[in-house]
Protein chains: 2
Amino acid sequence: MFEQVQAAKERLKGYANVTPIMASRTLNRLVGDKVYFKCENLQRIGAFKFRGAFNSISQLSKAEKARGVITYSSGNHAQAVALVGQMMNIQTTIVMPNNAPATKRAATQEYGATIVEYDPDKANREDIAKELEAMNGYTMIPPFDHKDVVAGQGTAALEMFEEIGNLDMLLVPCGGGGLLSGSAISAKGMSPNCRVIGIEPELADDATRSFQTKKLHSVKNPPTIADGTRTPSLGKITFPLVLEYVDDMKTVSEEAIIEAVKFLFYRMKLVVEPSGALGLAALLSRAVMPKGRIGIILSGGNIDSATMMTILNS
Amino acid sequence: MFEQVQAAKERLKGYANVTPIMASRTLNRLVGDKVYFKCENLQRIGAFKFRGAFNSISQLSKAEKARGVITYSSGNHAQAVALVGQMMNIQTTIVMPNNAPATKRAATQEYGATIVEYDPDKANREDIAKELEAMNGYTMIPPFDHKDVVAGQGTAALEMFEEIGNLDMLLVPCGGGGLLSGSAISAKGMSPNCRVIGIEPELADDATRSFQTKKLHSVKNPPTIADGTRTPSLGKITFPLVLEYVDDMKTVSEEAIIEAVKFLFYRMKLVVEPSGALGLAALLSRAVMPKGRIGIILSGGNIDSATMMTILNS
């Protein structure tokens, strides 16, 4: 799989941002170790999702591109697919719940995507997307459970190892496991002694339990502030990859996530969404004990004003 | 003066951050030109003020360092002086109004500064500072009206020209004129055809009127959200420098400042305080018509939760 991440990196050249790596003297003093942040909040569309969407869509055949692509997402993956479609002049259709935030809907529409609404109480988004896929000949670009998507997401960690060398520990947020498994594949390829630890909210600990029991668990609609991790479970492709490549999984409280977003805001002047701050939350709350050179992937920065105000007020 | 900025840069090496320069595809498309942001919100203490404080304090004699330094400020300069004092083991005294925000007071105290409170309705901060200076043999490090402070602030623009070459236009926030005159000196030294434009809030337009009439104007306690520009007027040293080196001055509305902070937050994922966003406010509101390669100095990112919530709500 590592070769596929390397190939993805070549494909992304000139299209994705090579995002900066930042550090904080205050945090290093607090933790007693060196911590490096890979700023995927500064990626195009504000999250790592651009990498996987671009890597998968750019590999479609001419005929597939002409027929268009489809996906289901109310968040960052929707915007990523829509933007890649716009860049490559490919028609995109996004299946979104009718209660999706207006701002995310608008951002996706701005990139020229067609939005198909559904009632999340009555229908399943995957079923709707599959029906449209079959009917119109669209190609499905799922949000995480696809090898080209995983390979694309792995390029963020790959860039990090290329820029700063070996790490002792890499902390990665885990929703459906695309970023986590991609990052772990890059770590094993670039810095084999690096311990890769996936971080989840306590309220959405399906992947942690799946990892520990080696049986797939799921949590439906967990009430966590980290909306990017509300995916019910790991996928058919990402679950085995997580078992094979990831060293450990840890969970953090909602309070720890809020503290981490605040630290990034006040101390590092970075806007990071709650899901994006999971790695730092694990370090600050000592869910993970720091050791040596530590990498953290800040996975995204798309946060709405209501969520930000809740965090600043708490 | 340019040689003094160059010398300041050498002094700052290894102590100040060489802050990153960022860009936004969305903004470039919107403006139709290339815009580069110098991210002084990512400087130590969260603002460019560290540069001037370090450059001036590090040049004191051994005897002066042993006696300690004093300044008056309720904002970023206070934190900058306190941090430099801590780094160099120099005693620092900061004269602050008794209504200064608790967070800024706490941050300054964390760096080990002694805080002297005064009642802004009854006393003048400069008088108090001068009295303490005379009584204790402290050296005064004023917030902007000092040649070593100006030279230090000029290093941000110097780094920008060194990294990205010539610019056609450089937009710089103006409070007391330290950052503005320092930046203009660097521009004339590095990129002589670059038009340097100082930006002020309409509500605090003293420097704009001073520039236009060549007579010093002042505005006391202007009710602008851009608290870093509430300085009543340019100084004895900065006014002549602004007249000599700066090409133009423009003002922006409170609404334009708020829009700029929001753009930086939502689109660029950067936390920038209102004063720091003045350059972008000028561009977005067309107070300055864009032309060619444009540099903007984001001067700082120290914003409290109440101000941020006001902005996100509006």
Side-chain angles (χ1 to χ4, degrees), chain A residues 14-26 29-30 37 39-47 50 76 79 83 86-87 103-104 106-107 110-111 258 261-273 276-277 298-314, chain B residues 14-26 29-30 37 39-47 50 76 79 83 86-87 103-104 106-107 110-111 258 261-273 276-277 298-314:
Chain A
Y15 298 102
N17 295 338
V18 176
T19 52
I21 293 170
M22 294 196 191
S24 156
R25 283 185 178 82
T26 308
R29 212 173 42 238
L30 212 69
F37 291 96
C39 295
E40 286 297 296
N41 58 329
L42 304 177
Q43 186 51 268
R44 297 186 77 164
I45 70 103
F50 179 81
N76 294 332
Q79 289 182 59
L83 172 57
Q86 187 186 58
M87 290 165 69
T103 50
K104 296 210 169 175
E110 256 182 55
Y111 295 124
I258 287 170
V261 173
K262 278 184 172 172
F263 187 96
L264 291 158
F265 181 94
Y266 286 117
R267 297 297 190 132
M268 298 189 65
K269 316 303 177 191
L270 292 175
V271 179
V272 178
E273 60 186 277
L298 299 177
S299 56
N302 293 326
I303 187 167
D304 56 35
S305 64
T307 307
M308 193 73 221
M309 288 198 277
T310 302
I311 289 171
L312 292 178
N313 261 325
S314 57
Chain B
Y15 298 102
N17 295 339
V18 176
T19 52
I21 293 170
M22 295 197 190
S24 156
R25 283 186 179 83
T26 307
R29 212 173 41 236
L30 213 67
F37 292 95
C39 295
E40 286 297 295
N41 58 329
L42 305 177
Q43 186 51 268
R44 296 185 80 164
I45 70 103
F50 179 81
N76 294 331
Q79 289 183 60
L83 172 57
Q86 186 185 57
M87 290 164 68
T103 50
K104 296 210 169 175
E110 255 182 57
Y111 294 125
I258 287 170
V261 173
K262 278 184 174 173
F263 186 97
L264 290 159
F265 181 94
Y266 286 118
R267 297 299 191 132
M268 297 187 65
K269 316 302 178 191
L270 291 175
V271 179
V272 179
E273 61 187 275
L298 300 176
S299 56
N302 293 326
I303 188 167
D304 56 34
S305 64
T307 307
M308 193 73 220
M309 287 197 277
T310 303
I311 290 171
L312 293 178
N313 262 326
S314 56

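Order of the sequence lines sets the chain letters (A, B, ...), proteins ahead of strands, with each chain counted from 1. What you see below is based on every heavy atom in this structure, not just the backbone, and it leaves out hydrogens, waters and symmetry mates.
Comparing B/Val271, B/Asn313, B/Leu42 by how many heavy-atom pairs each has under 4.5 Å with chain A, the most go to B/Val271. With respect to chain B, the highest number of heavy-atom pairs below 4.5 Å among A/Met22, A/Arg44, A/Met308 belongs to A/Arg44.
In this structure, the side chain of A/Lys269 engages the main chain of B/Gly301 through a donor-acceptor pair within 3.5 Å. At distances below 3.5 Å, not a single donor-acceptor pair connects side-chain atoms of A/Asn41 with backbone N or O atoms of A/Leu298.
Residue B/Ile45 does not touch chain A at all, counting heavy-atom pairs closer than 4.5 Å. Looking at B/Gln43, there are no atoms closer than 4.5 Å to chain A (heavy atoms on both sides), in backbone or side chain. Of the atoms belonging to A/Met268, it is backbone heavy atoms, and not side-chain ones, that fall under 4.5 Å from chain B.
The line from NZ of A/Lys262 to OG of A/Ser314 is 4.5 Å long, rounded to the nearest 0.5 Å. One distance of note links CZ of A/Phe37 with CG of A/Leu264; it measures 5.5 Å at 0.5 Å rounding.
Residues B/Phe265 and B/Ile311 fail the side-chain proximity criterion, which asks for heavy atoms closer than 4.5 Å.
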